[in-house]
Amino acid sequence: MSKDKFKQHFANIIADAFQKCYPEKYEEIGHYQVFDPDFIYDNLEKPKDPKMGRFALPVFRFARLLSDKPQEIASKVAQAVDEGIAGNKKLVTVTAAGGFLNAKVDFNTLTMETLQDVLDKGKRYGTSTVGEGRTVLVEYSSVNIAKPFGIAHLRTTILGASLREIFKKLGYNVVGLNYLGDWGTQFGKLIVAYLKWGADISKDDPCLIDKLFELYVRFHAEAKQDELLDEKARVVFKKLENGDTDTTKLWKLFRSRSIEKFKRIYDRLGVEFDLIIGESDLNDKIEPIIERLEKAGLSRISEGALVVDLEDTQLPPCLLKKADGATLYATRDIVGAFWRFEKYQYDQSLYVVANSQSDHFKQVFGVISRLEETEHTPEDERLAPRLKHVDFGWVKFGDKTMSTRSGNVIPVEDVVNKAVSLVKQMIIEKNPNLKAIDKTAHMVGVGAVKFSQLSVKRLTDVNFDWDAVLSFEGETGPYLQYTHARLCSLERNYDKDIKSDIEVTLLAGEEEQRIVELLADFPEAIADAVRNYDPYFIATYLLRLAGAFNKFYQRKTPDGRIDKIISDDVTLTSARMALVTSVRTVIGEGLHLLGIQAPEEM
RNA sequence: GCGCCCAUAGCUCAAUUGGAUAGAGCGUCUGACUACGGAUCAGAAGGUUGGGGGUUCGACUCCUCCUGGGCGUACCA
């Protein structure tokens, strides 16, 4: 990530001032700590209140080093800075506030450079090249065949789709991967249930998948009474693994019909993948890896099953094969990591999966790590350090936990349909002349649903609340879209070219300054999102930006009138419009990174 | 039992990863030029950060104990 010019300048003059204020200490320890601009740079923070400045350095932690009081340090250094740059053009102004050194940047310079940057680059503003030549895999959604697409899957789908966009923005070669759950004992259960109770279901029934799911729920209910059912399911799955024709035929039918159904939902959500594979695609790749593990002496037979011990991790052993020889999903995830590397040579591989599976991934990564250690794979060729479980909290509904097995599922399709139709109603009410009502309603409805999943930090459990998801006011997707549409409307009304060579002093008001600062913060918001693997940081940034703009937009003059952006004052208007277009650009691009569309009217 | 995670305004969530007066939205209440798009904006009320102890210049954040929840815990995914 390239360094912020203002920050760098601040770090330089501060380090310099420290040298002047504490010459004997500088003599003693040399070009380190507070005397080193890079050290200062890394210790900079953003003040709590933007009014205090653009960045700040807390000096408490240097009190011991300099044997001086924090307040003293701050005021001495601030004074030294002031004297040092007197007469020169001040890029930053430093003030002492308690134990903090606060820096305000020269507003004209910041405004000019930021607006020029945004207007020149347009959608490419905030792009960087840190990811160039690097490949990152993002596994997300990963729905299970023959099961409903419930809101439990909503979070991974939307998180992953957004991460895919964000990494692209930074120049990474991104492979969005949907890893279908199309293998495992569950298919034994499904087939047993189908053969037992589903004789009357036609194979062409359009509701085949829904009906299958009902049978699946029934299976779990009846399995509580009848222990033989689970046993039967295991046998049937084993038959499937052995390639039994009739079983395979049924499995193929369920699989293809499910995929058709999922495709419709992905289309509706506007979620894309670069590769869709299933667990079953790995079947012929499993044995070589198991042989490697055996050869490395890592696996052993325990109670009839093939396991790898992970004793120093407090984790239970990782099961590779059940006593009947059938594989488990950990086995397939281990194999999959190697397979994916062969195919893509990834630098990072992200698994966007709920945190309830964190032990599973610890086991999988642990086994891979051990194998590579034992085989003495060179450090820089190892896969284990490249694997990352991007976990996230539960989606709960009321006081119940969403559980597929109990049939307690809210289909994503219902959620989207409800949101879209509500938006449509709203448009008809508020903006009946809008041309593309259905298209717009879809963008906004889906935007609301997506934003509801991204406006909370990844690891926080969320309650699925219909009212919250279907709310279009306050901190919501539609709020951002509305602001965007309003900005577009201003551009239509203005109807002239937007120029970046404007009179920046006309944007010196508090509200305008705040907007400029936020515009300049966009790259940082993206960096935060990447560092934390969490689009939340972009979502919350956009809310701040939109809020700052809306405040400016509705600002009043002292006589109580709205201080309009477009006025007879040509110079002022063109300055403000440069701001308008910049904000529109960043909100539009920010929403794009979240996987949300930004209509020009709504 | 063991392991991991969580507890902040009535509700849903934040808090720059140990920093300044703990902030937003929703809900409630009061307002906004006869609206450059009111899906907006301004303001008010609302807190002993679950509880005790500790670490230090400084704790919502780290350590410890307690209480109350969630998830996982070898042949499901």
Report task. For residues W466(A) and V415(A), determine if any side-chain heavy atom of one lies less than 4.5 Å from a side-chain heavy atom of the other. Result ->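 In contact.
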**Report entry** Most 5' of G181(A) and L319(A) on RNA chain B, judged by nearest nucleotide
**Finding:**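 Result of the comparison: L319(A).
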Taking NZ, NE, NH1 and NH2 as the nitrogens, is one of them in [X] or [Y] under 4.0 Å from a carboxylate oxygen of the other?
X: E45(A); Y: R61(A); result: yes
X: R234(A); Y: E231(A); result: yes
X: D534(A); Y: K457(A); result: no
X: R300(A); Y: D309(A); result: yes
X: D521(A); Y: R54(A); result: yes

Requested in this report: Check the geometry between Y482(A) and U40(B) and answer yes if their rings are stacked (centres below 5.5 Å, planes below 30°), otherwise no.
Outcome: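 Not stacked by the 5.5 Å and 30° rule.
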**Report entry** Aromatic-base stack, F100(A) on A20(B), cutoff 5.5 Å, angle under 30
**Finding:**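 Given the distance and angle limits, yes, they stack.
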Could you pull out the protein-nucleic contacts involving nucleotides 30-32 of chain B (nitrogen or oxygen on both sides, under 3.5 Å)?
from	atom 1	to	atom 2	distance (Å)
A32(B)	O2'	K556(A)	NZ	2.5

Requested in this report: Determine if the base of U61(B) is syn or anti; take syn to mean the glycosidic torsion is within 90° of 0.
Outcome: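 Classified anti.
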Nearest whole Å is fine: how far is [N] [atom2] from [X] [atom1]?
X: L490(A); N: A35(B); atom1: CG; atom2: C1'; answer: 13 Å
X: K321(A); N: A74(B); atom1: NZ; atom2: C1'; answer: 16 Å
X: N463(A); N: G70(B); atom1: CG; atom2: P; answer: 13 Å

**Report entry** Presence of donor-acceptor pair under 3.5 Å, side chain of T476(A) and base of A39(B)
**Finding:**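 Between A39(B) and T476(A), which were checked side chain against base, a qualifying N/O pair under 3.5 Å is absent.
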**Report entry** base_contact_polar (A77(B) base, D182(A) side chain, donor-acceptor, <3.5 Å)
**Finding:**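 No, no donor-acceptor pair under 3.5 Å.
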Query raised in the report: Taking any strand in view, what nucleotide pairs with C33(B) in a Watson-Crick or G-U wobble way, both distances under 3.5 Å?
Result: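 Result: none.
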Report task. Using a cut-off of strictly less than 4.0 Å between a heavy atom of the residue and any atom of RNA chain B, enumerate the qualifying residues of residues 226-241 of chain A by number. Result ->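 Residues of residues 226-241 of chain A under 4.0 Å from RNA chain B: R234(A).
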Report task. Find out whether the Lys NZ or Arg CZ of K147(A) is both under 6.0 angstrom from the six-membered ring centre of F213(A) and within 45° of the ring's axis. Result ->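 Pair K147(A)/F213(A) does not count as cation-pi.
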Query - Contacts of type side-chain contact (heavy atoms from CB on, under 4.5 Å), residue M426(A), not counting sequence neighbours - result: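 For M426(A) the side-chain contact (heavy atoms from CB on, under 4.5 Å) partners, ignoring immediate neighbours, are K430(A), F472(A).
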Check the interface with nucleotides 4-9 of chain B: list each N/O to N/O pair with the protein under 3.5 Å, or write none.
none

Query raised in the report: With Y479(A), which residues qualify under side-chain hydrogen bond (donor to acceptor under 3.5 Å, both in side chains), at least two apart?
Result: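 Only N550(A) meet the side-chain hydrogen bond (donor to acceptor under 3.5 Å, both in side chains) criterion with Y479(A).
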**Report entry** Pair H360(A) + Y329(A): ring centers closer than 6.0 Å
**Finding:**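 Centroid distance H360(A)-Y329(A): below 6.0 Å, so yes.
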**Report entry** Pair F100(A) and F60(A), ring centroids less than 6.0 Å apart
**Finding:**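 For F100(A) and F60(A), the ring centres are under 6.0 Å apart.
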Between the protein and nucleotides 54-64 of chain B, which nitrogen or oxygen pairs come in under 3.5 angstrom?
from	atom 1	to	atom 2	distance (Å)
C57(B)	OP1	R64(A)	NH2	2.7

Report task. State whether a side-chain donor-acceptor pair under 3.5 Å links D559(A) with T557(A). Result ->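 Short answer, yes.
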**Report entry** From T95(A), L57(A), I73(A), L44(A), residue fulfilling side-chain contact (heavy atoms from CB on, under 4.5 Å) relative to L101(A)
**Finding:**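 Single side-chain contact (heavy atoms from CB on, under 4.5 Å) partner of L101(A) among T95(A), L57(A), I73(A), L44(A): L57(A).
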